[in-house]
Amino acid sequence: MLEVRNLSKEYPTPAGQLRVLSEINFSLSAGDSVSIVGPSGSGKSTLLYILGALEPPTTGTVLLSGRNPFELDDKSLASFRNEQVGFVFQDHHLLPQCSALENVRVPTLVAPDADGKTLRRALDLLNQVGLGSRIHHRPHELSGGEKQRTALARALVRKPQLVLCDEPTGNLDHESAEAVVTLLLELHRSQQTILIVVTHNLDLAARFGLKYRLSNTHLEIQ
């Protein structure tokens, strides 16, 4: 379960504190899928980064399965993110010198794979996203949609509880975007993750079970 309690975020500016998020509260369980929409600059990405333990809140609490990542030391926090959270960004952030398979395996390289279990999972995910025949291709040999599908497989390779997507179709044409979203939802349902997607695309947002809007620092259900 993901629990967010009285979360607020402020940034210091020469004119004083700039509040981006105010008193945000919600809870989600395994299998929940959520879209968050709102105007540019409303704090959607900031909220996502806090939920993924990339950035601390100013006040409030984030708990994932009862654990507060911001109470962990740096090493434990890095392990928490690697094991419990999967990220998909607008830009795929693939390593250009690595193949699709190698990119998917990157989050697993912190631990030995003596029995080949993580390799098999990476291969299985690449097959599920339709890239079984392109596992040795490097990013420059893949289309935009294929790169994003590789990024999706990478986000899921550690079996995270929480999957966070920041404009995952923002750089894709309509057909590729539809394919990526369909795969994202199919994999979410099969793995029963908590899925949160930030998007400007209202058609995309409508495909998720819960819909929120972030505006004027507040998050409201639609």
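All residue numbers refer to positions in the sequence shown, counting from 1.
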Indicate if [X] and [Y] have the same hydrophobic cluster label, given that clusters are the connected sets of ILVMFWY residues with side-chain heavy-atom separations under 4.5 angstrom.
| X | Y | answer |
| --- | --- | --- |
| Leu28 | Ile24 | yes |
| Val197 | Phe87 | no |
| Leu202 | Leu185 | no |
| Ile194 | Ile221 | yes |
| Leu48 | Val88 | no |

Expected output: side-chain [X] to main-chain [Y] donor-acceptor under 3.5 Å:
| X | Y | result |
| --- | --- | --- |
| Thr169 | Leu172 | no |
| Gln148 | Phe89 | yes |
| Glu141 | Arg138 | yes |
| His200 | Pro39 | no |
| Asp124 | Arg120 | no |
| Arg105 | Ala122 | no |

Separation between [atom1] of [X] and [atom2] of [Y], rounded to the nearest 0.5 Å:
| X | Y | atom1 | atom2 | value |
| --- | --- | --- | --- | --- |
| Leu210 | Phe26 | CG | CZ | 10.0 Å |
| Leu7 | Thr61 | CG | OG1 | 8.5 Å |
| His218 | Ser22 | NE2 | OG | 4.5 Å |
| Gln161 | Met1 | CD | CE | 11.0 Å |
| Ile50 | Leu164 | CD1 | CG | 11.5 Å |
| Ile36 | Leu47 | CD1 | CG | 5.0 Å |

For [X] against [Y], the heavy-atom pair lying closest together:
| X | Y | answer |
| --- | --- | --- |
| Ser45 | Asp166 | OG-OD2, 2.8 Å |
| Gly86 | Pro160 | N-CB, 3.6 Å |
| Leu21 | Gly43 | CD2-O, 3.8 Å |
| Gly38 | Ser42 | C-OG, 3.9 Å |
| Pro139 | Asn103 | CG-ND2, 4.1 Å |
| Leu195 | Phe208 | CD2-CE2, 3.6 Å |

Please walk me through it: do Val129 and Leu187 pass side-chain contact (heavy atoms from CB on, under 4.5 Å)? CA-CA 9 Å; Val129 300; Leu187 291 167; 3.9 Å; yes
Excluding sequence neighbours, so at least two apart, what forms side chain to side chain contact (heavy atoms under 4.5 Å, CB included) with [X]?
| X | answer |
| --- | --- |
| Gln90 | Glu167, Asn171 |
| Pro107 | Asn82, Arg154, Val157, Arg158 |
| Gln192 | none |

Only distances under 3.5 Å count here; give the side-chain donor-acceptor pairs of residues 173-181 to other protein atoms, sequence neighbours excluded, each with its distance to 0.1 Å.
residue : atom : partner : partner atom : Å
Asp173  : OD1  : Glu175  : N            : 3.1
Asp173  : OD1  : Ser176  : N            : 2.8
Asp173  : OD1  : Ser176  : OG           : 3.2
Asp173  : OD2  : Ser176  : OG           : 3.3
Glu178  : OE1  : Arg207  : NH1          : 3.2

With side-chain hydrogen bond (donor to acceptor under 3.5 Å, both in side chains) as the test, pick out the partner of Glu146 among His92, Arg134, His137.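 Passing option: Arg134.
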Run the side-chain contact (heavy atoms from CB on, under 4.5 Å) test on His188 and Val163 for me, step by step, so that the C-alpha distance in whole Å, both residues' side-chain angles and the decisive distance to 0.1 Å come before the verdict. CA-CA 9 Å; His188 156 71; Val163 178; over 6 Å; no
Show every salt bridge (Lys or Arg N to Asp or Glu O under 4.0 Å) that has at least one partner inside residues 20-35, sequence neighbours left out. none
Listing request: all salt bridge (Lys or Arg N to Asp or Glu O under 4.0 Å) pairs with a residue in residues 40-62, at least two apart in sequence or in separate chains. Lys9-Glu55
Do the non-hydrogen side-chain atoms of [X] and [Y] ever get within less than 4.5 Å of each other?
| X | Y | result |
| --- | --- | --- |
| Val198 | Leu214 | no |
| Leu125 | Gln191 | yes |
| Leu204 | Ser35 | no |
| Leu162 | Ile196 | yes |

Which residue is it: Leu131, Leu142, Asp91? I am looking for the one with a side-chain contact (heavy atoms from CB on, under 4.5 Å) to Lys147.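 Among Leu131, Leu142, Asp91, the one that satisfies the side-chain contact (heavy atoms from CB on, under 4.5 Å) with Lys147 is Leu142.
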side-chain contact (heavy atoms from CB on, under 4.5 Å) between Val62 and Leu2, worked out: CA-CA 7 Å; Val62 176; Leu2 175 67; 4.0 Å; yes
Greater than 12 external heavy atoms within 6.0 Å of Asn6's CG: yes
With a 6.0 Å cut-off (strictly less than), is the heavy-atom count around CG of Asp74, excluding the residue itself, greater than 12?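 Open.
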If you apply the rule side-chain contact (heavy atoms from CB on, under 4.5 Å), what do you find for Leu119 with Leu101, and how did you get there? CA-CA 9 Å; Leu119 172 59; Leu101 176 59; 4.1 Å; yes
I'd like to know whether Arg19 forms a salt bridge (Lys or Arg N to Asp or Glu O under 4.0 Å) with Glu10, so could you lay out the CA-CA distance, the side-chain angles of the two residues, the decisive distance to 0.1 Å, and finally the verdict. CA-CA 4 Å; Arg19 174 157 287 204; Glu10 296 180 348; 2.9 Å; yes
